[in-house]
Structure formats: C-alpha cells, structure tokens
Asker: 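Dropping the structure in here first, questions after.
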Amino acid sequence: MTNIPDASQLELFSETFKHAPIGMAIVSLEGRLLQVNASLCHLLGYTEDELLRVKFQDITYPDDLDKGFDVFNQFLEGNLKTYQIEKRYIHKDGFSIYVSVTVSIIRTEGKGPEFFIVQIKDLTESMLAEQDLKAKTEQLQSFIEHNADAMWIIDSEDRVIEVNPAFETLFGWSSKDVQGKKLPIIPLSLKDAMDTIHKQIKTGETVVGLETTRQHKDGSMLDVEATLSPLRARAGRIIGITGVCRDVTARKRAEQELQAKTEQLQSFIENSADAIWLIDAADTILEVNPAFETLFGWSSEEVEGKKLPMIPPSLIDSMHEIHLRIKKGETIVGFETVRQRKDGQLLNVEATLSPLRDRKGRIIGITGICRDVTARKRAEQDLKTKTTQLESFIDNNVDPILIFDNHSIVHRVNEACEGVLGWSKGGMIGMEFQQLPFIPAEFAEEIYQLGYQVANGQSVAGVETMLQRKDGGLINVVLTASPILDGNEKQSGWSVTLRDITEWKIAQEHLQNTGKLSIAGQLAAGIAHEIRNPITSIKGFVQLMRSGVREKQQYFEIMSSEIDRIELILSELLILAKPQSVKYEKRDVQVLLGQVMALLESQATLNDVLFETEFKPGVTHLYCDENQIKQVFINFIKNSIEAMPNGGKIRIEIDTNPNQELLIRFTDQGCGISNEVLSKLGQPFYTTKEKGTGLGFMVSKRIIESHSGQIHVESEVNVGTRIQITLPASNE
C-alpha cells in the first residue's frame with residue numbers, strides 16, 4: 001500500500017509523471033482516467049482531454065477485457081500491491097497496440113484505497129517482430145520441408161544436423177540414417193575437393209551453382225547443381241554450413257544430347273554437299289557453309305553481315321516477295337530458280353527456304369539450302385532432245401516397229417508397220433502379243449518363243465522368219481527385238497523391229513546362183529588339174545594292157561586308187577555346190593558330239609587315238625541344221641585323227657563366253673600347221689594331206705558362217721592344232 005506523499009514528493013512525482021517516456025495514468029477505482037501524461041496520449045493517439053473522458057475499458061481490446069479482473073478485489077483488500085499484465089489496447093485509428101501494463105494502488109492514511117497508478121509500456125514493435133520471426137521461422141521450416149531441392153545443414157565438424165524430405169528422396173538416406181554423421185553423398189574421389197570447399201564456406205564464402213557429382217545410397221551417381229553457404233549464429237558467428245542441391249542428371253543428359261545434336265547439325269552444315277546459308281530478319285547473312293563458298297565463289301568473310309550476293313538483279317524483287325512469305329511461316333521446298341556466281345556465271349539451282357525460329361518459336365530469319373542442278377537440267381534437256389529424236393526415229397523409220405509393255409501388250413506402232421503389213425495401227429494397239437494378226441500359224445510357236453525370251457530380258461537379233469500381210473501374202477522378215485529399260489535399269493517393256501527382206505531374198509538367190517557359177521569357173525582349173533593326173537594314169541595303164549603287158553594286177557590296183565580319188569573330189573565338190581534343204585531346229589551340242597564320236601570311235605581306236613572331253617555346265621543348245629553341224633564335227637575330228645599317225649589324244653571341249661555364245665574346241669597332238677599354211681586354209685584344193693582336196697575345211701567354214709558362227713584355228717608345228725568354233729547359243 002502506498003500512502004499520500006508530502007508536498008516535495010508530490011512535486012517530484014508530478015514531474016516524473018509528466019515527462020516519463022512510457023505512458024502513465026492515474027485511474028479511479030471505477031476505471032476512469034483522472035490524469036494522463038503525454039507519452040500515453042501519443043501511444044493511444046488521443047489528446048489529454050479525449051482520454052480523460054473515457055474509461056480504460058473503452059480503449060481495451062474486447063478479447064482482453066477480462067484480463068486482470070480477478071485481481072481487482074485483491075488490490076482492494078490489500079493483498080496485492082502491484083500487478084503486471086500484457087494486453088492490447090485500441091488506438092484511436094482502430095489498430096491494436098500490444099502493451100505491458102503495471103498497476104499499483106495508492107492508499108491514504110486511514111482512508112483506504114484512493115486510486116491506481118498505471119504504467120503502460122508499448123510492446124507492439126517487439127511483439128510484431130516476434131510474430132514476424134515466428135511466421136518466418138514457420139515459413140522457413142515449411143520451405144525446407146516442402147522444397148523440391150535436397151537441403152541439409154551440417155555443423156562446424158561437418159556432421160549432419162538436419163536434412164529435408166527431398167534429400168531423403170533424392171539420395172535414398174533417411175534423416176535418421178544421416179543425423180550426427182558425415183555427409184554420405186560425397187563420392188570418395190571428391191572428398192578432398194569438398195573438404196577444401198567446406199573450408200572456404202567456413203571463412204564466410206558462398207558457392208553458388210556448383211556442378212558436381214553425388215552418390216545415391218544404391219551406389220549410382222547423380223549429376224547435381226549445389227549452392228553452399230555459411231550457417232551463422234545471431235551474433236554472425238559461423239557455426240556450420242547449409243547446402244541446397246537439385247538433380248540435374250536429366251538436364252545434363254539433355255544438354256549433352258543438345259550438344260551432340262548441335263555438333264551433328266553443325267557437322268551437317270559444314271559437310272553438306274548442298275550450299276546452306278542463314279539470314280536474319282533484315283536479310284543480312286549470319287552464316288554460310290563451305291559448300292556455299294565452293295558453289296558461288298564467295299568466302300564467308302566476304303558475305304557475312306551483308307545481303308545475299310548471288311541473286312541476279314532481275315530476280316531481286318521476286319525473291320523479296322518470297323522472303324516475306326517465309327517470314328510469315330511458310331516453307332518452300334524444291335524451288336527451281338537461277339543464281340549467280342561471283343564470276344558472273346549463272347547456275348540453275350533447286351532451293352528449299354524455311355523460317356529460322358528462336359526457342360520461343362518466333363521467326364528471326366530464314367534458312368536456305370540449294371544445290372546446283374545445271375547438269376541435271378542439261379541432262380533433262382538432252383533427254384528431251386533424245387526422246388524427240390527417238391520419237392522421230394520410230395515414226396519415220398521405214399522398218400515396222402512395235403513397242404510392248406511389260407505385259408506384252410502393244411503400246412505403240414509406227415506408220416511403216418501399217419504400210420508393210422497392211423493392218424491398221426489403231427487395230428493393233430492394245431492387243432496382246434499372241435493376238436497379233438500377222439503371225440502365221442506355221443511360224444507361231446517359233447515367234448511366240450522369241451517374244452517370251454525378249455519379255456524376260458533377253459535380246460534377239462537378226463532372226464529370219466515369215467509374217468502374213470492383211471491380204472494373205474507371206475513376206476520374209478528379219479526380226480530384231482530387245483528389252484526397254486527405264487532409268488533404274490529395270491525393264492519397262494520391249495520393242496520389235498521388222499525388216500522386209502522378201503526382195504533381198506530373191507536377189508540373194510540370184511546372187512548365190514551367180515556365185516556358184518563364179519566358183520565353178522574358179523574351180524575349173526583346179527578340178528581339171530586334180531582329175532587330169534589320175535585320168536592320165538588310167539589311160540596309160542589301159543594302153544599298156546592293150547599292148548599285151550602280162551603283169552596287169554598291179555595296174556588294176558593303181559587304176560582303182562586313182563578312180564577313188566576322183567570320187568572323193570566329186571563327192572566333196574557336190575557338198576559344196578549341190579542345193580540342200582536346210583532345216584533349223586533346237587539341238588543339244590553335247591548330244592551331237594556324242595553321236596559323232598560314237599561314229600568315229602572305231603577309226604580312232606584303229607589309229608590309237610583317244611577322245612578326252614570336258615563339257616562345262618551351262619547352256620549347250622543352239623538352233624542349227626543337225627546334218628550340217630555333224631558334217632563339220634566329222635571333218636574336224638577326222639582331220640585330227642589323220643594328223644596323229646602315231647596316235648595321241650583329241651580333247652573336245654564345250655564352254656560359253658561372257659556373251660553367252662557356245663565355244664566348241666577340238667585340240668589334237670598332231671604334226672601341226674605352219675603359219676604360212678594357216679593363212680591359206682579354206683582355199684579350194686589347198687591341203688596338207690597327201691590325199692586331201694582342201695574342200696573339207698572350206699565346206700565346214702561355210703556351214704559355220706551360215707549358222708552365224710566363226711572358226712578360229714591355232715597351231716604349232718610338232719605340238720598340235722586347236723580349232724575353236726563360236727556359235728550363238730539358245731538359252732531359252
């Protein structure tokens with residue numbers, strides 16, 4: 001209990017009350033303000049007069065009205081001298097003020113309690129600071145707990161104080177696993193480097209964006225980006241380290257892939273055979289590749305930062321319009337135009353222009369790619385010219401020409417075909433090969449077989465056959481047919497060319513007859529010489545026998561020998577001169593040779609000669625007159641037997657050459673033929689045999705040539721002779 005002070009004390013109290021830095025008030029026992037100081041007026045926002053008209057209950061925050069009410073009676077009863085409480089008042093402007101209120105009661109001598117002295121200290125700033133700190137602490141804790149980045153706090157001894165859930169998720173260690181221990185995420189190879197970095201942090205340095213590697217609990221390595229900073233006490237003293245990191249493995253992989261793709265793109269640009277350039281939105285060159293420099297002749301240093309130099313003046317306006325289209329998002333592919341080299345030469349090019357975009361998709365320029373198609377354009381022009389020439393050749397050719405597709409259907413017929421055969425072009429176009437009306441029934445199988453060969457990729461040249469005109473007449477023709485290939489060397493059809501040789505055949509027969517008469521004249525002297533000698537011998541022996549010579553038997557033998565020689569000459573002469581019916585049929589050369597060897601085997605055995613054969617696999621058939629070919633084989637084998645009086649081997653071979661022609665070889669081990677004699681082979685009555693006529697080789701050569709073949713003879717004296725016959729094979 002406080003008693004009323006004397007006058008000097010009252011004056012001191014009054015001055016203290018008035019100038020106190022905290023709010024002070026004298027309050028009646030009913031709660032009315034009796035006196036207030038300036039600090040309290042300032043604290044509550046009221047004037048002194050305004051405050052003296054209110055009660056403390058009027059300025060107290062409603063929720064705090066009951067605070068301290070229970071101690072009021074204790075004050076009145078003298079059980080409580082002073083009381084302190086924290087509560088809130090309401091400022092005149094309506095906001096709350098946190099205060100610390102100290103209440104003391106004043107008593108008079110013998111009169112009991114008189115009034116209260118209240119001291120009010122403003123706690124608003126400190127309370128708000130504490131609330132703000134608490135809120136920030138809660139926010140920070142929430143930030144740590146819910147942050148997607150792994151976070152940890154370690155003390156000055158590098159022992160883990162705390163880790164957040166993201167740390168547990170990222171590295172696989174739980175908070176219990178690591179608290180109080182060293183960080184387990186640092187790979188062994190990086191421990192020394194991290195010790196050095198930790199020392200730097202403990203000196204006050206902060207490391208931001210450290211890209212490094214950290215280890216998961218399962219041993220796998222993660223690429224991370226970390227920020228390390230000092231952990232400070234309130235006084236600023238460094239007491240540990242805070243760490244924040246995020247997994248950038250995917251980003252690193254993406255960066256590596258981006259780098260790889262960038263390098264690939266750069267390599268593509270650098271090594272592309274096509275000219276490439278990049279221009280900005282103002283049509284200024286950003287970059288060109290080496291192919292650009294090669295194609296147009298300007299170096300990158302000459303053009304970068306400038307307008308495209310290779311657009312001819314006449315095309316600048318049209319290219320400006322095209323560039324405007326590209327800048328609106330359009331892409332132009334396969335644009336054919338003309339560009340100009342540095343030396344002034346104009347080039348035909350094919351270009352592709354497209355927008356150049358930034359990462360946000362905004363168009364910031366144009367990319368251009370082009371290639372020189374001058375050679376291709378020239379080739380196209382040449383092809384067009386050749387196509388026109390070919391069309392003209394087909395249309396104006398005097399020989400009938402038919403073009404078939406891959407299905408053997410007539411695609412085209414020229415005017416000559418209609419003129420020679422009499423059938424209309426329109427009627428033949430669209431027909432299948434086997435439906436053509438000009439193929440006679442007796443030659444149909446042969447002609448269809450030829451068509452089948454050509455339709456399957458083979459060529460047929462110079463085949464003689466017969467065709468039927470619309471008026472029913474037959475004509476002799478030479479048929480040539482070949483596949484038609486496209487640009488990819490694939491067959492797209494086939495063509496047939498026919499040549500009417502009816503008149504030529506008639507003229508040939510006349511020529512042959514004339515030739516026979518000429519040959520007969522040439523042979524007359526030789527025949528007379530060859531026959532005169534045996535006839536003279538026969539005539540002399542007849543005269544001797546008439547004169548009565550007794551030894552006649554010897555003369556008869558000589559006369560018989562001479563008559564045999566005359567018969568031999570006449571028989572070979574008949575083979576050469578006599579018209580023969582020739583019939584060409586498909587025959588197997590192996591079979592023909594086998595038959596001939598069987599025929600001559602007894603003669604070979606008598607002469608101690610062996611046959612040795614080598615028939616290589618492949619095509620062995622040909623179209624021939626069987627009897628004529630056999631005659632050729634007989635002649636050559638007999639010659640080989642007669643060339644080896646002491647016996648030996650005759651090697652007979654069948655082979656094919658790259659042109660798919662049959663090669664038939666006869667090789668003996670006989671006496672051979674000198675080069676001088678070789679040059680005269682084939683001349684009538686020129687022979688190396690004692691009893692030969694020279695007509696056998698001539699007849700054989702003529703037969704082979706009539707079969708479109710050739711004979712080649714190689715010989716060496718005392719070594720042997722090789723005769724090679726080349727004939728067209730039938731590989732159907």
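Being a predicted model, the structure only gives us computed values, none of them experimental. Residue numbers start at 1 and run along the sequence shown.
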Asker: Testing the basics here: between W298 and P309, what is the closest heavy-atom pair and its distance to 0.1 Å?
Answerer: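 Reported closest heavy-atom pair: CH2-O, 3.6 Å.
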
Asker: Count the heavy atoms belonging to other residues, nucleotides or ligands that lie under 6.0 Å from CZ of R469, then report whether that count exceeds 12.
Answerer: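 Correct, the count exceeds 12.
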
Asker: For E330, is there an ion pair with R325 - N to carboxylate O distance below 4.0 angstrom?
Answerer: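 Looking at R325 and E330, the cut-off is met.
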
Asker: Check whether more than 12 heavy atoms from other residues, nucleotides or ligands sit under 6.0 Å from atom CD of E445, and answer yes or no.
Answerer: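 Count not over threshold, so no.
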
Asker: Just wondering, do V632 and Q628 contact through their side chains at under 4.5 Å, heavy atoms?
Answerer: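 Heavy-atom side-chain distance check fails, nothing below 4.5 Å.
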
Asker: How are the rings of F404 and W494 set relative to one another: parallel (under 30°), tilted (30 to 60°) or perpendicular (over 60°)?
Answerer: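 It falls in the parallel class, under 30°.
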
Asker: Start with the C-alpha distance between T721 and S715, add both sets of side-chain angles, then the distance that settles side chain to side chain donor-acceptor pair (under 3.5 Å), and finish with yes or no.
Answerer: CA-CA 4 Å; T721 302; S715 186; 2.8 Å; yes

Asker: Is the backbone of V596 close enough, under 3.5 Å, to the side chain of K630 for a donor and an acceptor to pair up by distance?
Answerer: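 No; judged by distance alone, with no hydrogens or angles, the pair does not exist.
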
Asker: Is the shortest heavy-atom distance from the side chain of I650 to the side chain of E612 under 4.5 Å?
Answerer: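 In short, these two side chains do not touch, never coming nearer than 4.5 Å.
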
Asker: Using side-chain contact (heavy atoms from CB on, under 4.5 Å) as the criterion, point out the one residue from D395, T388, I394, N396 that pairs with S392.
Answerer: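 That would be N396; it is the only one of D395, T388, I394, N396 passing the side-chain contact (heavy atoms from CB on, under 4.5 Å) with S392.
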
Asker: Would you check if the side chain of Q453 reaches a backbone N or O of Q458 as a donor-acceptor pair within less than 3.5 Å?
Answerer: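 No: the side chain of Q453 does not pair with the backbone of Q458.
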
Asker: Is the count of non-hydrogen atoms from other residues, nucleotides or ligands lying under 6.0 Å from R412 atom CZ greater than 12?
Answerer: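 Yes, because the 6.0 Å sphere around CZ of R412 holds more than 12 heavy atoms from other groups.
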
Asker: Determine yes or no for a side-chain-to-main-chain donor-acceptor pair under 3.5 angstrom, with N414 supplying the side chain and D399 the backbone.
Answerer: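 Yes; judged by distance alone, with no hydrogens or angles, the pair exists.
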
Asker: Are there over 12 heavy-atom neighbours, none belonging to Q595, within less than 6.0 Å of that residue's CD?
Answerer: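 Counting other residues, nucleotides and ligands, CD of Q595 exceeds 12 neighbours.
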
Asker: More than 12 foreign heavy atoms under 6.0 Å from OH of Y448: is that the case here?
Answerer: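 Enclosed: over 12 neighbouring heavy atoms sit under 6.0 Å from OH of Y448.
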
Asker: Using every non-hydrogen atom in the two residues, find where M431 and P437 come nearest and quote the distance to one decimal.
Answerer: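 Closest approach of M431 to P437: SD-CD, 3.9 Å.
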
Asker: Would the distance check show the side chain of Q491 and the main-chain N or O of A455 forming a donor-acceptor pair, the cut-off being under 3.5 Å?
Answerer: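 Confirmed, Q491 side chain pairs with A455 backbone.
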
Asker: Let me see the working for Q631 and N635 under side chain to side chain donor-acceptor pair (under 3.5 Å), right down to the final yes or no.
Answerer: CA-CA 6 Å; Q631 182 63 48; N635 286 345; 3.0 Å; yes

Asker: Quickly, which of K586, E585, R587, E446 forms a side-chain contact (heavy atoms from CB on, under 4.5 Å) with Y623? Name it, please.
Answerer: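 One option only clears the test, and that one is K586.
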
Asker: In plain terms, say whether R341 and D372 are close enough for a salt bridge, that is, a side-chain N and a carboxylate O under 4.0 Å apart.
Answerer: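 No, this pair does not count.
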
Asker: More than 12 foreign heavy atoms under 6.0 Å from NZ of K307: is that the case here?
Answerer: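 Yes, enclosed.
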
Asker: Looking only at side-chain N and O atoms, does Q266 offer a donor or acceptor that is under 3.5 Å from a partner on E287?
Answerer: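 Judged by distance alone, the side chains do pair up.
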
Asker: Are there more than 12 heavy atoms of other residues, nucleotides or ligands under 6.0 Å from atom CZ of F443?
Answerer: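 Correct, the count exceeds 12.
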
Asker: Without swapping roles, check the side chain of D500 against the backbone of T502 for a donor-acceptor pair under 3.5 Å.
Answerer: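 Checking the backbone N and O of T502 against the side chain of D500, a donor-acceptor pair under 3.5 Å is found.
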
Asker: Are F433 and Y452 close enough that their ring centres sit under 6.0 Å apart?
Answerer: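 They do not qualify: ring centres at least 6.0 Å apart.
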
Asker: Kindly list each side-chain donor-acceptor pair under 3.5 angstrom involving residues 350-358, sequence neighbours excluded, with atom names and distances?
Answerer:
{"residue": "E350", "atom": "OE2", "partner": "R376", "partner atom": "NH1", "Å": "3.3"}
{"residue": "S354", "atom": "OG", "partner": "T367", "partner atom": "OG1", "Å": "2.7"}
{"residue": "R357", "atom": "NH1", "partner": "G361", "partner atom": "O", "Å": "2.9"}
{"residue": "D358", "atom": "OD1", "partner": "K360", "partner atom": "N", "Å": "3.0"}
{"residue": "D358", "atom": "OD1", "partner": "G361", "partner atom": "N", "Å": "3.0"}
{"residue": "D358", "atom": "OD1", "partner": "R362", "partner atom": "N", "Å": "2.8"}
{"residue": "D358", "atom": "OD2", "partner": "R362", "partner atom": "NE", "Å": "2.9"}
{"residue": "D358", "atom": "OD2", "partner": "R362", "partner atom": "NH2", "Å": "3.1"}

Asker: Spell out, as yes or no, whether a donor-acceptor pair under 3.5 Å connects the side chain of E336 to the backbone of N348.
Answerer: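 Pair absent, no side-chain N/O of E336 close to backbone of N348.
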
Asker: Less than 4.5 Å apart, any side-chain heavy atom of E432 and any of S408?
Answerer: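 No, every pair of side-chain atoms sits at 4.5 Å or beyond.
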
Asker: Nearest 0.5 Å, what's the CH2-CE distance between W277 and M310?
Answerer: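 Interatomic distance, W277 CH2 to M310 CE, rounded to 0.5 Å: 4.0 Å.
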
Asker: I want to check something: taking the side chain as every heavy atom from C-beta on, are I711 and F636 in contact at a cut-off of under 4.5 Å?
Answerer: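 They are in contact (side-chain heavy atoms under 4.5 Å apart), so the answer is yes.
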
Asker: Answer yes or no: is there a donor N or O on one side and an acceptor on the other, between the side chain of T294 and the main chain of P290, under 3.5 Å?
Answerer: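 Yes, T294 side chain to P290 backbone: donor-acceptor pair under 3.5 Å.
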
Asker: Would the distance check show the side chain of D274 and the main-chain N or O of I369 forming a donor-acceptor pair, the cut-off being under 3.5 Å?
Answerer: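 Not a single qualifying donor-acceptor pair exists.
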
Asker: Within the structure provided, determine whether C370 and L295 are in side-chain contact (heavy-atom separation under 4.5 Å).
Answerer: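 Yes, close enough: below the 4.5 Å cut-off.
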
Asker: Could you tell me whether H411 atom NE2 has more than 12 heavy atoms of other residues or ligands within 6.0 Å of it?
Answerer: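 It does not: H411 NE2 has 12 such atoms or fewer within range.
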
Asker: Measure the shortest side-chain to side-chain distance between H707 and D625 over non-hydrogen atoms and say whether it is less than 4.5 angstrom.
Answerer: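 They are in contact (side-chain heavy atoms under 4.5 Å apart), so the answer is yes.
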
Asker: At their closest point, which heavy atom of I326 faces which heavy atom of T331, and how far apart are they?
Answerer: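 Scanning both residues, the minimum pair turns out to be CD1-CA, 4.4 Å.
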
Asker: Closer than 3.5 angstrom, by distance alone: can the side chain of D486 be matched with the main-chain N or O of S492 as a donor-acceptor pair?
Answerer: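 Not a single qualifying donor-acceptor pair exists.
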
Asker: Which heavy-atom pair separates G709 from L727 by the least distance, and what is that distance?
Answerer: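 G709 and L727 have their closest heavy atoms at CA-CD2, 3.9 Å.
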
